[in-house]
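Model, not experiment: these values are computed from the prediction.
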2 protein chains.
Amino acid sequence: MVQKDMTKDKIIEASWELLQQEGLESFSMRKLSKKLNLTVSSIYWHFASKEAIFQELIHQVIGEINISLTQNTWQEQLLEYGYAISEVLRSRPYSAQLLMAYPPKAPNYLKLIDNLLKIIEHLDASHEYKFYTISVYLNYIINFEMDLMYLKLNSDKEDLLSTADRLKTSAPLLHQMKQEGIFNKLGHRNMFDYGLHVLINGFESNLT
Amino acid sequence: MVQKDMTKDKIIEASWELLQQEGLESFSMRKLSKKLNLTVSSIYWHFASKEAIFQELIHQVIGEINISLTQNTWQEQLLEYGYAISEVLRSRPYSAQLLMAYPPKAPNYLKLIDNLLKIIEHLDASHEYKFYTISVYLNYIINFEMDLMYLKLNSDKEDLLSTADRLKTSAPLLHQMKQEGIFNKLGHRNMFDYGLHVLINGFESNLT
DNA sequence: ACCTGAACACCGTTCAAGT
DNA sequence: ACCTGAACACCGTTCAAGT
């Protein structure tokens with residue numbers, strides 16, 4: 001058998017398409033079955049559940065992260081990795097939402113965490129703090145990509161923040177910032193960079 | 001009219017109960033109606049949608065944050081606020097999930113963001129960076145409480161990480177940490193503190 | 001002003017039955 | 001080994017009709 005599980009691959013392929021079109025919330029097995037010209041029940045022959053499909057998607061997207069760690073301080077390596085993760089998540093719409101919705105379980109996800117732990121392994125801190133450091137780091141990256149997706153979706157309708165005049169008196173600073181149009185500059189690369197540096201500098205002054 | 005909207009209050013009260021019992025995912029209008037001895041459709045007379053109920057919950061829980069800013073540096077104030085937010089979120093099960101699921105919209109939520117912005121208002125940075133700083137800060141706190149909830153729910157079944165032997169070779173560091181039982185120490189207060197200090201120290205070295 | 005009943009258009013998952 | 005049809009037990013929301 002040269003080719004194995006062709007339909008399984010097709011289901012995953014169609015799932016990526018459906019996810020891009022519908023988002024995580026509106027992704028349904030019935031829509032997926034229509035896309036594949038299959039019955040819903042036959043999808044269940046290939047995958048045990050909807051979550052099993054999602055776990056496979058998570059496995060794949062994280063497998064697409066490719067990185068060559070040329071830099072040698074752990075700070076530089078975390079930066080490089082951060083960019084690489086961010087890039088892959090952006091190339092697969094709603095994959096950040098997927099990572100947020102389910103705890104790490106896919107083999108590639110666990111391997112990624114292990115690789116990140118290796119980067120800070122030599123530092124003088126307990127395993128708890130190291131693990132937690134990587135959690136905070138990953139949460140930051142995933143959250144950034146999630147917010148970015150949200151901003152992209154709502155860039156047309158202008159009430160990113162309730163447009164009411166109430167805002168002017170109850171949250172004057174926020175109101176002012178909104179008037180200045182800062183929400184158009186939020187998802188930019190320099191923001192991502194700033195946050196990543198905040199974390200890494202923070203790790204530096206607290207981990208050792 | 002001395003008392004206004006008694007049923008509206010009852011619906012909110014029952015919603016808190018239902019949220020605690022079922023979590024966000026399993027919260028349904030039909031279950032809520034049963035709890036209230038009402039029809040589903042009559043709930044819709046009081047609230048336009050399920051989200052409208054959730055927005056009211058968000059409004060309430062954030063309104064419960066009470067804080068007396070005795071400290072005077074912005075770093076100390078962000079710390080104090082962080083503890084206060086964390087405490088309220090923990091007192092209302094699944095409220096962190098609620099905040100994650102919906103963008104800031106409830107009046108009290110916007111007011112909170114404004115108060116936090118005020119704390120760093122005097123710093124020498126652009127409004128974009130200040131707003132983003134507060135976003136990162138809030139995301140951290142909310143995420144911590146979410147993860148804590150998840151840990152609490154899964155403390156019984158031991159496969160917090162896939163228990164497979166595969167882990168030993170593909171993610172050896174993670175495997176080792178798991179053996180050491182670090183996952184029992186993750187949700188603790190010193191972890192929250194560490195992360196909050198990481199952020200604040202990071203802000204300090206990047207914002208100015 | 002407030003509530004009911006019934007319906008619409010969906011869900012994820014299971015399972016006997018087919019080929 | 002793979003797929004179908006039908007069913008089960010749910011969803012959020014709407015709306016004419018009641019009091």
Side-chain angles (χ1 to χ4, degrees), chain A residues 1-59 94 97-98 100-103 105-106 153 157, chain B residues 1-59 94 97-98 100-103 105-106 153 157:
Chain A
M1 42 171 99
V2 181
Q3 51 194 2
K4 52 164 189 176
D5 263 334
M6 263 200 33
T7 36
K8 213 164 175 171
D9 291 351
K10 268 187 186 168
I11 291 171
I12 292 301
E13 198 186 339
S15 295
W16 280 122
E17 270 178 46
L18 187 63
L19 188 65
Q20 171 150 27
Q21 287 162 10
E22 302 280 340
L24 188 56
E25 301 267 288
S26 302
F27 183 109
S28 85
M29 296 299 272
R30 282 173 161 90
K31 285 176 191 165
L32 183 58
S33 75
K34 261 171 211 154
K35 213 179 232 315
L36 287 157
N37 286 320
L38 266 180
T39 357
V40 217
S41 42
S42 62
I43 298 178
Y44 279 90
W45 196 89
H46 297 277
F47 289 94
S49 63
K50 193 180 165 186
E51 198 199 323
I53 294 178
F54 286 158
Q55 287 298 340
E56 180 58 33
L57 297 185
I58 290 172
H59 182 67
Y94 297 100
Q97 278 80 350
L98 224 41
M100 255 305 158
Y102 300 97
K105 188 172 166 179
L153 288 177
K157 41 174 174 168
Chain B
M1 42 171 99
V2 180
Q3 50 193 0
K4 51 165 189 176
D5 264 331
M6 263 200 35
T7 37
K8 211 164 178 173
D9 291 351
K10 269 187 184 165
I11 291 172
I12 291 301
E13 199 186 338
S15 295
W16 279 122
E17 270 178 47
L18 187 63
L19 189 65
Q20 171 149 27
Q21 287 162 9
E22 302 279 340
L24 188 55
E25 302 266 289
S26 302
F27 183 109
S28 85
M29 297 298 272
R30 281 172 162 90
K31 285 177 191 164
L32 183 58
S33 75
K34 260 170 211 153
K35 212 179 235 311
L36 288 158
N37 286 319
L38 265 181
T39 356
V40 218
S41 42
S42 61
I43 298 179
Y44 279 90
W45 197 89
H46 297 278
F47 289 94
S49 65
K50 193 179 165 186
E51 199 200 320
I53 294 179
F54 286 159
Q55 287 297 340
E56 181 58 34
L57 298 185
I58 290 172
H59 182 67
Y94 297 100
Q97 277 79 351
L98 224 40
M100 256 304 158
Y102 301 95
K105 189 170 162 177
L153 288 176
K157 40 174 175 170

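When the nucleotides D:dT14, D:dC11, C:dC3 are ranked by their closest atom to the side chain of B:Leu38, C:dC3 comes out on top. Side-chain proximity of A:Arg30 to the nucleotides C:dC11, D:dT13, C:dC3 is greatest for C:dC11. Taking the side chain of A:Ser41 as heavy atoms from C-beta on, and the options C:dG12, D:dC11, D:dT4, the nearest nucleotide is D:dT4. Closest approach to the B:Trp45 side chain among C:dC2, C:dC8, C:dT13 is made by C:dC2 (side chain taken as heavy atoms from C-beta onward).
Between the CD1 atom of A:Ile43 and the C1' atom of D:dT4 there is a distance of 13 Å, rounded to whole Å. Atoms CE (B:Met29) and P (D:dC10) sit 18 Å apart, rounded to a whole Å. Rounded to whole Å, atom P of C:dC2 lies 13 Å from atom NZ of B:Lys10. The NZ-P distance, from A:Lys34 to C:dG12, rounds to 11 Å in whole Å. In this structure, B:Glu51 atom CD and D:dT13 atom P are separated by 9 Å, rounded to whole Å. Per the geometry, CD1 belonging to B:Ile11 stands 15 Å off C1' belonging to D:dG12, to the nearest Å. B:Tyr44 places its OH atom 4 Å from the C1' atom of D:dG12, with the value rounded to the nearest Å. Between A:Glu22 atom CD and C:dC10 atom P there is a gap of 11 Å when expressed in whole angstrom units.
Pair assignment for C:dG18 gives D:dC2, based on Watson-Crick or G-U wobble hydrogen-bonding distances that are each under 3.5 Å. Across all strands shown, C:dT13 is found opposite D:dA7 as a Watson-Crick or G-U wobble partner, with both distances under 3.5 Å.
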Derivation and outcome, side chain to side chain contact (heavy atoms under 4.5 Å, CB included), residues B:Trp45 and B:Thr39: CA-CA 10 Å; B:Trp45 197 89; B:Thr39 356; over 6 Å; no

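Taking the P atom of each, D:dC10 and C:dA9 are spaced 22 Å apart, rounded to whole Å.
Two residues are said to be in side-chain contact when any heavy atoms from C-beta on lie closer than 4.5 Å; B:Lys8 and B:Ile11 fail this criterion. Between B:Lys31 and B:Ser26, some side-chain heavy-atom pair lies under the 4.5 Å cut-off. At least one side-chain heavy atom of B:His59 sits less than 4.5 Å from a side-chain heavy atom of B:Glu56. Side-chain contact between B:Lys50 and B:Leu32: absent, with no pair of heavy atoms (C-beta onward) separated by less than 4.5 Å.
In terms of phosphate contacts, A:Lys31 brings a side-chain nitrogen or oxygen within less than 4.0 Å of OP1 or OP2 of C:dC11. For the pair B:Ser42 and C:dC2, the criterion of a side-chain N or O lying under 4.0 Å from OP1 or OP2 is not met. Put simply, B:His46 has a side-chain N or O that comes within less than 4.0 Å of OP1 or OP2 on C:dC3. Proximity of B:Thr39 to the phosphate of C:dG5: no side-chain N or O atom is located under 4.0 Å from OP1 or OP2.
Proximity of the aromatic rings of B:Tyr94 and B:Phe27 is defined here by a centroid distance below 6.0 angstrom, and this criterion is not met.
As judged by a 4.0 angstrom heavy-atom cut-off over every strand, B:Lys8 is placed among residues making no nucleic acid contact. Residue contacts for B:Phe47: at a heavy-atom cut-off of 4.0 Å it reaches no nucleic acid atom on any strand shown.
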